[in-house]
Amino acid sequence: MRAKRRPGAPADLEEVRPATFIVHNSATGPTLRGEGERDGDRFLLTTWRRAGLVARLRAKGFLVLTLADQIAALPALPPALFPGPLVDRPLVGGERISYFAAQPLGWQPVPLRLDQPQIAQLREGWVIRRRKGRGPGAYAHLWHGTLQPLSEDAALYHGFAQAALVGTAPITVQRTEEAYLLPDLPLPDAHRVVLGRFSDRRFTAPRIAPADMPLVAALLARLGLTLQHTS
């Protein structure tokens, strides 16, 4: 009798690090034999026949979830409009407001009126973050003059969508002898989780092996971003 996939598992074989998979279905074992090293439910692919192995597994009806598959399944950006006219909003009780800007990319302080510095000048369509002191942020979309609450992830998706529409500069990555250094970007949770599967977790800023840079490019492209390398 053919073994079944582990309950709750997303696939029969799931890539969690480059060339490292979790085996969620023991029935994949015969096909994996001779292609790498097995340690419990972990499988390390050591041969060059990656594409052929994945194709054989899928031909036998197994669901294989590679890192590239996980990137392709990340949420698409929502529709966006160019920022509209200015909207004045009084700051309340030490409130600080930022908006998700295209350049420089990320949360930037909103401008204040020169004649009334307690009034923030927002633009229709902006995604904003409000904070009081060092407390957590509250996120919203300024739409038809009112603030429509958003979760942090939803705010980031809407922010990246508008930034892509306005036009973002390429993300600069620096090359060291061993890796590329990726800036610490404000990524949605799903993107951050997948990026963590092929970045070096021992450092604050993500470090990416040269062979995995195509994965980074594909992940950032889901957010409307491109890469630029420096030596």
- prompt: Pick from T47, T46, L44: which one makes a side chain to side chain contact (heavy atoms under 4.5 Å, CB included) with E35?
  reply: T47

field: Test side chain to side chain contact (heavy atoms under 4.5 Å, CB included) applied to L225 and V216, I171, L219, the passing residue
entry: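 By the side chain to side chain contact (heavy atoms under 4.5 Å, CB included) criterion, L225 pairs with just one of V216, I171, L219: I171.
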
Is it true that a side-chain atom of [X] and a backbone atom of [Y] form a donor plus acceptor pair closer than 3.5 Å?
X: T20; Y: V16; value: no
X: R17; Y: S199; value: yes
X: R123; Y: G84; value: yes
X: D41; Y: V23; value: no
X: R192; Y: L185; value: yes
X: R38; Y: G40; value: yes
X: H141; Y: G125; value: yes

How long is the straight-line distance from [atom2] of [Y] back to [atom1] of [X], given to the nearest 0.5 Å?
X: E178; Y: R207; atom1: CD; atom2: CZ; answer: 8.5 Å
X: R197; Y: D212; atom1: CZ; atom2: CG; answer: 14.0 Å
X: R58; Y: L53; atom1: CZ; atom2: CG; answer: 10.0 Å
X: T168; Y: Q103; atom1: OG1; atom2: CD; answer: 7.0 Å
X: L187; Y: F160; atom1: CG; atom2: CZ; answer: 5.5 Å
X: K60; Y: T31; atom1: NZ; atom2: OG1; answer: 3.0 Å

message: Listing request: all ring pair (Phe, Tyr, Trp, His ring centres under 6.0 Å) pairs with a residue in residues 8-58, at least two apart in sequence or in separate chains.
response: none

- prompt: Pairs in or reaching into residues 118-139: which pass ring pair (Phe, Tyr, Trp, His ring centres under 6.0 Å), with residues at least two apart or in two chains?
  reply: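 Output for this query lists Y99-W126, W107-Y139.
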
Do you know which two heavy atoms are closest between [X] and [Y], and how far apart they sit?
X: P183; Y: V173; value: CD-CG1, 4.2 Å
X: A101; Y: A163; value: O-CB, 4.4 Å
X: P78; Y: A161; value: O-CB, 3.3 Å
X: P210; Y: A179; value: CD-CA, 4.4 Å
X: V166; Y: P83; value: CG2-CD, 3.8 Å
X: L195; Y: P206; value: CD2-CG, 4.2 Å

If two hydrophobic side chains count as joined below 4.5 Å and joins carry through other members, does [X] share a cluster with [Y]?
X: V127; Y: L122; value: no
X: L105; Y: L181; value: no
X: L227; Y: I208; value: yes
X: L165; Y: F100; value: no
X: L74; Y: L65; value: no

- request: Kindly determine whether E14 and R5 satisfy salt bridge (Lys or Arg N to Asp or Glu O under 4.0 Å), including the steps that lead there.
  value: CA-CA 11 Å; E14 178 188 10; R5 186 187 308 166; over 6 Å; no

field: Any residue meeting ring pair (Phe, Tyr, Trp, His ring centres under 6.0 Å) with Y157, in chain and number order, not counting sequence neighbours
entry: H191

message: Is there a side-chain contact between P136 and E152 in this structure, where contact means two heavy atoms from C-beta onward sitting under 4.5 Å apart?
response: no

message: With heavy-atom distances below 4.5 Å as the criterion, would you say the side chains of D189 and L156 are in contact?
response: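 No; the side chains remain at least 4.5 Å from each other.
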
query: Step by step, would you call E124 with H144 a side chain to side chain contact (heavy atoms under 4.5 Å, CB included)?
result: CA-CA 7 Å; E124 178 74 16; H144 298 304; 4.3 Å; yes

field: Members sharing W143's hydrophobic cluster (side chains within less than 4.5 Å)
entry: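 Result for W143 is L81.
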
message: Walk me through whether R89 and L147 qualify under side chain to side chain contact (heavy atoms under 4.5 Å, CB included).
response: CA-CA 10 Å; R89 185 182 187 280; L147 296 179; 3.4 Å; yes

task: Could you tell me which residues satisfy salt bridge (Lys or Arg N to Asp or Glu O under 4.0 Å) with R50, sequence neighbours excluded, listed by chain and number?
output: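 Salt bridge (Lys or Arg N to Asp or Glu O under 4.0 Å) check on R50 returns E15.
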
- prompt: Quick one: side-chain hydrogen bond (donor to acceptor under 3.5 Å, both in side chains) pairs with a partner in residues 110-122, sequence neighbours left out?
  reply: D88-R113, R113-D115

query: Could you go step by step and tell me if L223 and L77 meet the side chain to side chain contact (heavy atoms under 4.5 Å, CB included) rule?
result: CA-CA 7 Å; L223 296 172; L77 293 178; 4.0 Å; yes

